[in-house]
A.B. asks: 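One structure is given below, represented as C-alpha cells, and several questions about it will come after.
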Amino acid sequence: MKTATLIFFFFFGFAAPVLSQHFSFGFQVIGLSCHLKKSNNRQLFKGKITHNGRVVVNGGVLLTARYHVDSRWGVQVSQALVARDCSGRFLGMSHVGVFGKMNDLRDSPNSVDVSFGPMFFYRQNWALLPGYVNDGLFKISDNRQWMTKFVWYGGMVSWRHRLTEGRYFQLDMLPGIPEIISIGPGMSFQRVAGR
C-alpha cells in the first residue's frame, strides 16, 4: 500500500519536469459514491444523502499523472486517498493503465478519456465496526487492520473541458459495476509545447 503511493509521488514529483509537453497531471476531489444495489452495510454509512444509503458523500482526493504517447493515447498512474469512505474510514486506490481519448482536444474544448488497467483497493477494516456484514468484496489482511481488493480489469472515465491552453476542468468517474460508481470533479494541467 505504501509502496504504490511512494511510486506515484516519485513519478509525480521527479519525472514530471523531464517529460515536458508529453506529461499532464490532474487533481480531483472525490466526493460522491452511488451504490448500484442495496448494501448489507448501509447502517454503517456516515454521509448518506438518501435514506437507503444508495448515495453517500465521501471526502478525499484523486491524483493522476499521465504520459501522452500522442494526441490519442498514453499511460496513466492514479492514486486515490480518501480520508472518509462510506463508513467514515480511510480508503486508498492505486491504478496503472493505458488511456485513450475519444476526440482530439485541439478540435473541441471537450474530450472523454477512458483508462483501462489494474486497480488495487485498500481500506481500514470495516469488520471491526459493530454490525458489519461480510459481503465477500474485500479480503481481510493478516493483521486484521486492512481490507484489500485487486481488480485486473479496472478503469476510469474522464470528461475534460478546456478552460485555457493546458488547463482543463475534469470530471472523473470510477465505474465499480455492479457495486458502486464514484464521481469527483477537479482540474488537470498539461504543459503546452514551446512554453
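What you are looking at is a predicted structure, and each value in this text was computed from that prediction instead of being measured.
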A.B. asks: What's the separation between atom OG in Ser111 and atom CZ in Arg162, rounded to the nearest 0.5 Å?
C.D. replies: 9.0 Å
A.B. asks: As an exercise, state the distance from OG of Ser182 to CE of Met173, rounded to the nearest 0.5 Å.
C.D. replies: 10.0 Å
A.B. asks: Taking salt bridge (Lys or Arg N to Asp or Glu O under 4.0 Å) as the cut-off, I'd like each qualifying pair that reaches into residues 27-41, sequence neighbours left out, listed once.
C.D. replies: Lys37-Glu179
A.B. asks: Tell me, please, which residues at least two apart from Asn58 pass side-chain hydrogen bond (donor to acceptor under 3.5 Å, both in side chains).
C.D. replies: Ser33
A.B. asks: Give the minimum heavy-atom separation between Met93 and Phe121, together with the two atoms involved.
C.D. replies: CG-CE2, 3.3 Å
A.B. asks: Find the distance between OH (Tyr168) and CE (Met187) and round it off to the nearest 0.5 Å.
C.D. replies: 10.5 Å
A.B. asks: Between Asn110 and His161 (side chain of the first, backbone of the second, donor and acceptor by atom type, cut-off under 3.5 Å), is there such a pair?
C.D. replies: no
A.B. asks: Test of understanding: clusters of I, L, V, M, F, W, Y form through side-chain heavy atoms closer than 4.5 Å, transitively. Do Leu36 and Ile183 belong to the same one?
C.D. replies: yes
A.B. asks: Applying the side chain to side chain contact (heavy atoms under 4.5 Å, CB included) criterion to Gln28, which one of Val61, Leu63, Thr64 satisfies it?
C.D. replies: Thr64
A.B. asks: Can you pull the salt bridge (Lys or Arg N to Asp or Glu O under 4.0 Å) pairs that have at least one residue in residues 148-159, sequence neighbours excluded?
C.D. replies: none
A.B. asks: So His22 and Tyr67, would you call those rings parallel, tilted or perpendicular, with 30° and 60° as cut-offs?
C.D. replies: tilted
A.B. asks: Hey, does Trp159 have a side-chain heavy atom less than 4.5 Å from the side chain of Phe169?
C.D. replies: yes
A.B. asks: Looking at His35 and Gly53, what are the two nearest heavy atoms and their distance?
C.D. replies: ND1-O, 3.3 Å
A.B. asks: Decide side-chain contact (heavy atoms from CB on, under 4.5 Å) for Leu129 and Ser87; before the verdict, give the C-alpha distance in whole Å, the side-chain angles of both, and the deciding distance to 0.1 Å.
C.D. replies: CA-CA 9 Å; Leu129 299 173; Ser87 74; 3.9 Å; yes
A.B. asks: Restricting to non-hydrogen atoms, name the atom on Asn125 and the atom on Arg144 that form the minimum distance, rounded to 0.1 Å.
C.D. replies: ND2-O, 2.9 Å
A.B. asks: To check you understand the geometry: which heavy-atom pair defines the closest contact between Ser94 and Gln79, and what is its length?
C.D. replies: OG-OE1, 2.7 Å
A.B. asks: Using side chain to side chain contact (heavy atoms under 4.5 Å, CB included) as the criterion, list what pairs up with Phe116, not counting sequence neighbours.
C.D. replies: Tyr153
A.B. asks: Test: salt bridge (Lys or Arg N to Asp or Glu O under 4.0 Å). Region: residues 47-62. Which pairs qualify, not counting sequence neighbours?
C.D. replies: none
A.B. asks: Who passes side chain to side chain contact (heavy atoms under 4.5 Å, CB included) against Asp142, sequence neighbours left out?
C.D. replies: none
A.B. asks: Could you list the residues that satisfy side-chain hydrogen bond (donor to acceptor under 3.5 Å, both in side chains) with Ser188, not counting sequence neighbours?
C.D. replies: Arg160, Gln170
A.B. asks: Is there a path from Leu128 to Ile140 through hydrophobic residues (I, L, V, M, F, W, Y) whose side chains come within less than 4.5 Å of each other?
C.D. replies: no
A.B. asks: Find out if a path of hydrophobic residues (ILVMFWY) with successive side-chain heavy-atom gaps under 4.5 Å connects Ile180 to Met119.
C.D. replies: no
A.B. asks: With sequence neighbours left out, which residue pairs that include part of residues 131-141 fulfil the side-chain hydrogen bond (donor to acceptor under 3.5 Å, both in side chains) condition?
C.D. replies: Ser141-Asn143
A.B. asks: Check whether Phe99 and Phe120 end up in the same hydrophobic cluster, where Ile, Leu, Val, Met, Phe, Trp and Tyr are linked by side-chain heavy atoms less than 4.5 Å apart.
C.D. replies: no
A.B. asks: Apply side chain to side chain contact (heavy atoms under 4.5 Å, CB included) to Val75 and list each qualifying residue two or more places apart in sequence or on a separate chain.
C.D. replies: none
A.B. asks: Looking at Ser39, is its backbone amide N or carbonyl O close enough to the side chain of Arg42 to form a donor-acceptor pair, meaning the two atoms are under 3.5 Å apart?
C.D. replies: yes
A.B. asks: Hey, what's the ring geometry for Tyr122 with Phe90, parallel, tilted or perpendicular (30° and 60° as the breaks)?
C.D. replies: tilted
A.B. asks: Using the test side-chain hydrogen bond (donor to acceptor under 3.5 Å, both in side chains), find all partners of Asn52 that sit at least two apart in sequence or belong to another chain.
C.D. replies: Thr50
A.B. asks: Specify the closest pair of heavy atoms between Leu44 and Pro130, including all atoms of both residues, with the distance to one decimal.
C.D. replies: CD2-O, 3.4 Å
A.B. asks: Which pairs with one or both residues in residues 74-87 pass salt bridge (Lys or Arg N to Asp or Glu O under 4.0 Å), sequence neighbours excluded?
C.D. replies: none
A.B. asks: List for me each residue that meets side chain to side chain contact (heavy atoms under 4.5 Å, CB included) alongside Val57, sequence neighbours excluded, and say none if there are none.
C.D. replies: Leu32, Ile49
A.B. asks: Can you measure from NZ (Lys101) to CG (Asp70) and round to the nearest 0.5 angstrom?
C.D. replies: 9.0 Å
A.B. asks: If two hydrophobic side chains count as joined below 4.5 Å and joins carry through other members, does Phe189 share a cluster with Phe23?
C.D. replies: yes
A.B. asks: Do you know the tightest heavy-atom contact between Ser115 and His95?
C.D. replies: OG-NE2, 3.1 Å
